[in-house]
Amino acid sequence: MTTKKIWIVFTDIFQNTILHPQYFTFKATNKGVEAAKRHASGVLVDVGCGRMPYRGQIEPLVKKYIAIDSPQTSKLYRGKWKPDYFADATRLPIMTGSVDTVLLFQVLEYLENPDAALSEIHRILRKNGKLLISVPFMYPIHDVPYDLARYTDAMLTKMMKKNGFTIIEFTSEGTFLEFWGQSLNVFLMKRIKDVLKSKKNILTLFYLFFLIMLSVLVIVPINLFTYLIGNIGSISPKYPNYFPLDYIIVLRKSGSNKKV
């Protein structure tokens, strides 16, 4: 079994526990899944579906689940479900006004032309159809060279209104401590991956052993500490979130498509 397959199995089992280095990212993105379970209906299109880790939770709630992935990046995310279509997000093989719900989870940062993609989603949605978006903000560069952008809440708001959507819900997930702790965790995992891919010698093997031991000693205590502090902090007054890990947006189709 390859390192990637081992990582996928580990993630499937432990992603919602403090044993996983990306625990707080999954905690944030799971809020998007919960929003989808509240709002999804009818014919649903999952744009940039990847491995579809949440399909099992959402598909029973809709009439039809259509999965679409990019022909470029789909090879990075292979799971038990295969996409129904491979297509660019700016040219979806779906009839105009035939869809009730669209999911765009952890996809917006990959798009070269997000306005064109949002306009295309607007096209396929029925009147008052809903778009649900989950998009990272404070997260390391990943899936090089496909990871292209990060958007603030102000920019996301402008993009959605420009492309004919009304915002129903807009929330930021994650805190500074979660951002800090997860950044250290992900750094350790990425550096271990880099060392595993590099040429091996005595120095790199020693470095690899050091990183693995450090990860064992650091990841779970950091996650546990951050989780406990976060629960204590939840009773404090609410202040602006300057370090969000993720944005969750629920939108309704309104107006006409904009030229982009």
Side-chain angles (χ1 to χ4, degrees), residues 11 15-40 47-48 50 53-54 57 102-111 114-115 117-118 121 130-143 147-163 165-190 218-252:
T11 294
Q15 63 181 319
N16 295 317
T17 75
I18 61 171
L19 297 176
H20 201 286
Q22 296 165 290
Y23 166 69
F24 292 107
T25 284
F26 288 116
K27 179 170 172 277
T29 54
N30 282 342
K31 297 292 182 69
V33 177
E34 292 304 313
K37 290 163 69 174
R38 294 195 307 272
H39 292 278
V47 178
Y54 36 77
Q57 300 178 61
V102 173
L103 303 183
L104 196 68
F105 282 0
Q106 309 298 297
V107 175
L108 201 61
E109 71 272 22
Y110 294 99
L111 301 179
D115 281 326
L118 290 169
I121 290 170
K130 290 181 179 178
L131 167 61
L132 294 102
I133 294 177
S134 172
V135 57
F137 183 64
M138 302 296 288
Y139 193 79
I141 296 170
H142 55 284
D143 293 343
D147 185 18
L148 301 178
R150 297 291 182 273
Y151 302 99
T152 65
D153 54 351
M155 186 63 190
L156 288 167
T157 298
K158 289 182 178 181
M159 289 167 61
M160 301 309 142
K161 291 181 178 178
K162 175 183 177 182
N163 289 285
F165 291 97
T166 298
I167 296 173
I168 301 172
E169 300 174 14
F170 196 125
T171 58
S172 63
E173 301 295 336
T175 64
F176 170 74
L177 278 178
E178 290 174 357
F179 152 66
W180 176 84
Q182 183 183 255
S183 295
L184 177 57
N185 291 347
V186 174
F187 166 77
L188 290 170
M189 293 299 98
K190 283 185 173 292
V218 164
I219 289 175
V220 172
I222 280 183
N223 285 351
L224 180 59
F225 171 77
T226 305
Y227 175 80
L228 293 174
I229 293 297
N231 284 343
I232 295 172
S234 65
I235 64 175
S236 67
K238 299 299 181 184
Y239 298 107
N241 186 359
Y242 301 113
F243 300 90
L245 295 178
D246 211 72
Y247 290 114
I248 310 296
I249 318 171
V250 181
L251 306 123
R252 178 182 289 115

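Since the model is a prediction, treat every value here as computed from it, not as a measurement. Throughout, residue positions are numbered sequentially from 1 according to the sequence presented.
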task: Report yes if the distance between the aromatic ring centroids of Y242 and F176 is under 6.0 Å, otherwise no.
output: no
- request: Would you indicate whether the side-chain heavy atoms of V186 and H142 approach each other to under 4.5 Å?
  value: no
task: Could you check I219, V220, T226 and say which one makes a side-chain contact (heavy atoms from CB on, under 4.5 Å) with I18?
output: V220
- request: Kindly assign one of parallel, tilted or perpendicular to the pair F137 and Y247, based on the angle between their ring planes and the thresholds 30° and 60°.
  value: tilted
- request: Search all heavy atoms of F105 against all heavy atoms of G32 and return the closest pair with its distance.
  value: CZ-O, 3.3 Å
message: To the nearest 0.5 Å, what is the distance between CE on M138 and CZ on R150?
response: 10.0 Å
Spacing of CD1 belonging to I248 relative to CG belonging to N30, to within rounding of 0.5 Å: 9.0 Å
statement: Residues Y151 and L111: closest non-hydrogen pair is OH-O, 4.5 Å
query: Could you state the interatomic distance from NZ (K27) to NE2 (H20), rounded to the nearest 0.5 Å?
result: 15.5 Å
message: Looking at I141, I'd like to know if its CD1 atom is crowded, meaning that more than 12 non-hydrogen atoms belonging to other residues, nucleotides or ligands lie closer than 6.0 Å.
response: no
message: Quick one: does any side-chain atom of Q182 pair with a main-chain N or O of T25 as donor and acceptor, under 3.5 Å?
response: yes
field: Q106 and D246: side chain donor to acceptor below 3.5 Å
entry: yes
message: Nearest 0.5 angstrom please: L118 CG to K161 NZ, how far?
response: 14.5 Å
- prompt: Can you check whether F26's main-chain N or O pairs, donor with acceptor, with N16's side chain at less than 3.5 Å?
  reply: no
- request: Write down the atom of I121, the atom of F165, and the distance for their closest heavy-atom approach.
  value: CG2-CZ, 4.2 Å
- prompt: Looking only at heavy atoms, which two atoms of I222 and G181 are closest? And how far apart?
  reply: CG2-CA, 3.6 Å
message: Using side-chain heavy atoms (C-beta onward) and a distance below 4.5 Å, is L104 in contact with I249?
response: no
- request: Would you check if D153 and F170 make a side-chain contact, meaning some heavy-atom pair closer than 4.5 Å?
  value: yes
- prompt: Any salt bridge between E34 and K31, counting N to O under 4.0 Å?
  reply: no
- request: Could you pull out the closest heavy-atom pair between T29 and S134, with the gap in Å?
  value: CG2-OG, 3.9 Å
- request: Answer yes or no: is there a donor N or O on one side and an acceptor on the other, between the side chain of Q57 and the main chain of Y54, under 3.5 Å?
  value: no
task: Decide yes or no for M189 and Q22: does some side-chain heavy atom of the first lie under 4.5 Å from some side-chain heavy atom of the second?
output: no
field: Min side-chain heavy-atom separation L156-L108 under 4.5 Å
entry: yes
message: Nearest 0.5 angstrom please: D115 CG to M160 CE, how far?
response: 8.5 Å
message: Looking at D147 and D143, would you say the former's side chain and the latter's main chain have a donor-acceptor pair under 3.5 Å?
response: no
- prompt: Quick one: CG on L132 to CG on L251, what's the gap to the nearest 0.5 Å?
  reply: 7.5 Å
- prompt: How close do E173 and T171 get, heavy atom to heavy atom, and via which atoms?
  reply: OE2-OG1, 3.5 Å
